[in-house]
Amino acid sequence: MKKLLLCVSVLLGVFTGKAETPVYLDDSKPIEERVEDALSRMTLREKINLIHAQSKFSAPGVPRLGIAEIWCTDGPMGVRPEVLWDEWEQAGWTNDSCTAFPSLTALAATWNPDMALLYGKSIGEEARFRNKSVLLGPGINVYRTPLNGRNFEYMGEDPYLISEMVVPYVQGVQSNGVAACVKHFALNNNEINRHTSNPIVDDRTLYEIYLPGFKAAATEGDAWSFMGGYNLFRGEHASYNPILMNQILKGEWDWDGAVISDWGAVHDTATAVSGGLDMEFGSWTNGLTNGQSNAYDNYFLAQPYLEGIQNGTYSEDELNDKVRRVLRLTFRTAMNRNRPWGAMNSDEHVAAAREIGEEGIVLLKNDNNILPIDTHKTKKIAVIGENAIKKMTVGGGSSSLKARYEITPLEGLQKRFGDEAEIIYARGYVGDPSGNYNGVSTGQDLSDSRSPEELTAEALQVAKDADLVIFIGGLNKSDHQDAEDSDRETLSLPYGQDELITSLAKVNPNLVMLNISGTGVAMPWVNEVPVILQGWYLGNETGNAIASVLAGDVNPSGKLPYTYYASLDQVGAHAEGEYPGHKSIDALGNEVMDIPYNEGIYVGYRYIDKNKLKPTFPFGHGLSYTNYEYGKAVAPKFFAKDDDKIEIVVPVTNTGDRKGKETVQLYVRDVKSSVDRPYKELKRFKKVELNPGETKDVKFELDRSALSYFDADKHDWVMEPGDFEILIGASSGDIRSKTSFKAE
């Protein structure tokens, strides 16, 4: 009764203002003051309860003190539909359909931080409307191999590009009082053997390639939560790895957020306690392993932790640090009365999804200026390929969505061109006819009983008689393609598409290949097909975005966020490193997959440059329906000791007849270094919009960090004095202007 009276008096004080409000409930007070006050009022068991799940996606808070529950949701590309309290099955809600946004590869391909901010703000509004505290995203693991099944959820191969795109995304999400949960920290670079993978990475490679995006999210984006990976690092699991979590994230970066485990990524209590994990989710997620009534109490950070503190095995000091971090997360989100209300499926969100998709589509090749489509000359369009009709928002793992609607590429083309041209569709091949994942269905049944020979014959006949052929193929979100928990088995396109594309090119030279995927594919027919686009998974507005670009209503401006390899021999992870690793036994007798990253810092275009290889398309590549001319880059002759930064200027002119956007890329080369360094590294970029005939001076500021490498012996970044070259390009393989300076 006393507890009840206390709660009533507290609540009356909050709502009437006549009683003294406890500090932790007063959101006008500094968060740290609120945290300490709440901590001082909690019992040991309440502290333990705060740091582990009570259901599939929630943690209980402290009901006695009015400290709110934490609710998480999957969704780096849209807010996941509701599941049952203790099961993965759908809850059966009728109002949990979301706006499906483009994949994060598509976002990265915009090379536009403004698009990242719009994306984060929009998806954060949807999470807030659904009353979520934590959005489990974005994913920013580096593309080490194009075979990684989860590449479509990430932002490409370059640490600087990732850093520039993740910060505004995080800020946009958190402007809604919803925490971004940046994942998967760190080195989650493959899905095969993901629970036992043990990357072997030297410190320089770690700090130069695999950590910068996470550091930017933590220190510049001020992300309120991080998620650890399933993989190991130097023999310990990432979700409670003392080097990653304690030494780097919470130590070197002075980060004050909460570390959340991936679902089922915790394996024992002792290391979870000491290794920097703050909240445990999903260890026994069926609710049955240790009994329906106490499954969550038997999590590693639950009853076993409580008993360990009571018997003196663990100190309460470590627990208090975890509780402080979870309280901080709670006060920033669920107990932030000033956060906006959010919105769901708004017109603004639909417009944002379409704009991001349009700006992310990459025009890889456009021989003979076949695009944009000229309907004065093009009266019959053949659309071929399963991906023209297959809905892609369902599937792929935890990013699978229950979208309010999805416009397929064929529907978008019919809507845009149907009044001006005849559009004929042929399937061409059968890939994955299903449309179901975890109880969510696209409503499609794409079953087709025809033989491959019959499908091919129909496609060739339709193509032969058309003015223009648009083949829409690529990958999908089924296992061993773009999907969580499995990697691709080959770089090649599945379902016999290569042979079909080659045959189409022979019967009609006016062929457009639109590749729908989250990662690169081999293109053995690249010289036979005049037009190639990279289309991504584009969410609700897929068809409309694609049609806008093909029609020229939108001038394409996307650039590749990764290298488009001709073969796996061009990938450092495959040519010099190991993938997917080799089996070994760790100190505890467990079988793990050791993966030596022998390629070191030579990831993506760095490896291409080092070995003077010619990929199918280079990192940063992307064409337009207009042309851009780069003038001479100008830089000061010296980067003097007293200078904090210098400015580089390059004029860029739109020499065509259409307004367009060009991403100007700045790469730095250390001409002579005492250590092995890449030939060039992306250090700045800027996207500019230019009218026909317009010239703009594109200006970049460089500080000394842009010239530095990580010295593992000193455990610090080092800039060696000497000559540096600046390479300005339209891609890593298309350098348009150079200048140089001497750094003192």
Side-chain angles (χ1 to χ4, degrees), residues 48 51-53 141 144 183-203 205-206 210-211 226-251 259-286 288-290 295-315 317-319 321-322 484-487 577-598:
I48 291 290
I51 66 170
H52 68 82
N141 291 100
R144 178 176 181 252
K183 62 184 189 181
H184 304 87
F185 189 60
L187 299 163
N188 194 134
N189 305 121
N190 52 273
E191 288 297 291
I192 188 173
N193 306 315
R194 63 178 179 168
H195 291 275
T196 58
S197 290
N198 182 40
I200 301 172
V201 185
D202 64 86
D203 274 359
T205 299
L206 180 69
Y210 296 103
L211 292 186
F226 264 47
M227 179 187 286
Y230 284 125
N231 57 285
L232 296 91
F233 174 58
R234 294 181 184 167
E236 190 53 81
H237 287 89
S239 283
Y240 40 89
N241 188 286
I243 298 172
L244 295 175
M245 300 304 179
N246 292 334
Q247 178 182 313
I248 297 174
L249 179 60
K250 297 178 179 180
V259 173
I260 297 174
S261 73
D262 206 339
W263 268 232
V266 185
H267 303 275
D268 67 87
T269 299
T271 50
V273 168
S274 63
L277 178 64
D278 300 313
M279 295 190 80
E280 179 186 2
F281 280 88
S283 291
W284 288 308
T285 51
N286 62 7
L288 300 172
T289 305
N290 282 59
Y296 296 99
D297 286 339
N298 282 283
Y299 271 30
F300 294 106
L301 289 185
Q303 190 68 23
Y305 190 12
L306 175 64
E307 293 172 358
I309 291 176
Q310 290 171 333
N311 66 29
T313 302
Y314 309 118
S315 165
D317 290 342
E318 288 170 315
L319 174 61
D321 180 68
K322 300 178 193 299
E484 182 179 359
D485 203 22
S486 66
D487 281 355
E578 284 194 32
Y579 167 88
H582 60 269
K583 292 181 180 180
S584 70
I585 305 298
D586 68 13
L588 299 177
N590 300 311
E591 186 177 280
V592 299
M593 291 293 294
D594 286 339
I595 311 176
Y597 283 32
N598 296 328

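Note that the coordinates shown come from a computational prediction; the quantities given were computed from them, not determined experimentally.
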| message | Determine whether a donor-acceptor pair (N or O, by modelled atom type, separation under 3.5 Å) exists between the side chain of Y240 and the backbone of S261. | response | no

| query | When the ring planes of Y314 and Y305 are compared, do they come out parallel, tilted or perpendicular, using 30° and 60° as the limits? | reply | perpendicular

| query | What's the shortest heavy-atom distance between I48 and I309, and which atoms? | reply | CD1-CD1, 4.4 Å

| query | Taking atom CD of E318 and atom CG of D278, what is their separation to the nearest 0.5 Å? | reply | 11.0 Å

| request: Name the orientation class of the two ring planes belonging to H52 and Y299 (parallel below 30°, tilted from 30 to 60°, perpendicular beyond 60°). | output: tilted

| message | On a heavy-atom basis, which atom in D594 and which in P596 lie closest, and how many Å separate them? | response | O-CD, 3.5 Å

| For S197, all residues meeting side chain to side chain donor-acceptor pair (under 3.5 Å), sequence neighbours excluded | N190

| said: Would the distance check show the side chain of K322 and the main-chain N or O of V273 forming a donor-acceptor pair, the cut-off being under 3.5 Å? | reply: yes

| query | Is there a donor-acceptor contact under 3.5 Å from the side chain of N311 to the main chain of E307? | reply | yes

| field | For the student: nearest non-hydrogen atoms of A302 and D297, plus distance | value | CB-O, 3.0 Å

| Chi angles and distances behind the side chain to side chain contact (heavy atoms under 4.5 Å, CB included) call for N193, I595 | CA-CA 11 Å; N193 306 315; I595 311 176; over 6 Å; no

| said: With rounding to the nearest 0.5 angstrom, report the CG to NE2 distance, L588 to H267. | reply: 12.0 Å

| query | With sequence neighbours left out, what residues match F233 under ring pair (Phe, Tyr, Trp, His ring centres under 6.0 Å)? | reply | none

| request: For residues A265 and G229, report the shortest heavy-atom separation together with the two atoms involved. | output: CB-O, 4.2 Å

| field | Spacing of CD1 belonging to I200 relative to OG1 belonging to T205, to within rounding of 0.5 Å | value | 12.5 Å

| task | Under the salt bridge (charged side-chain N to carboxylate O under 4.0 Å, His left out) rule, collect the residues that match up with R194, sequence neighbours excluded. | result | E191, E484, D485

| task | For A272 and V266, work out which heavy atoms get closest and say how close. | result | CB-CG1, 3.9 Å

| message | For Y230 and W263: C-alpha separation, side-chain torsions, deciding distance, then whether side chain to side chain contact (heavy atoms under 4.5 Å, CB included) applies. | response | CA-CA 9 Å; Y230 284 125; W263 268 232; 4.1 Å; yes

| message | Walk me through whether L244 and L249 qualify under side chain to side chain contact (heavy atoms under 4.5 Å, CB included). | response | CA-CA 6 Å; L244 295 175; L249 179 60; over 6 Å; no

| request: Would you indicate whether the side-chain heavy atoms of N188 and M227 approach each other to under 4.5 Å? | output: no

| query | So among I51, I260, T271, V259, which one has a side-chain contact (heavy atoms from CB on, under 4.5 Å) with L277? | reply | V259

| said: To the closest 0.5 Å, what do you measure between CG (L211) and CG (L187)? | reply: 7.0 Å

| query | Is there a donor-acceptor contact under 3.5 Å from the side chain of D262 to the main chain of N231? | reply | no

| field | Atom pair CE (M593) and CG (N198), whose distance is rounded to the nearest 0.5 Å | value | 10.5 Å

| request: For the pair E280 (side chain) and F300 (backbone), establish whether a donor and an acceptor sit closer than 3.5 Å, ignoring hydrogens and angles. | output: yes

| said: Testing the 3.5 Å rule here: is there a donor-acceptor pair between the side chains of N189 and Y210? | reply: no

| said: For Y579, does the six-membered ring have the charged nitrogen or CZ of R144 within the cation-pi criterion, i.e. under 6.0 angstrom from the centroid and within 45° of the normal? | reply: no

| field | Closest non-hydrogen atom pair, I192 against D487 | value | CG2-OD2, 3.2 Å

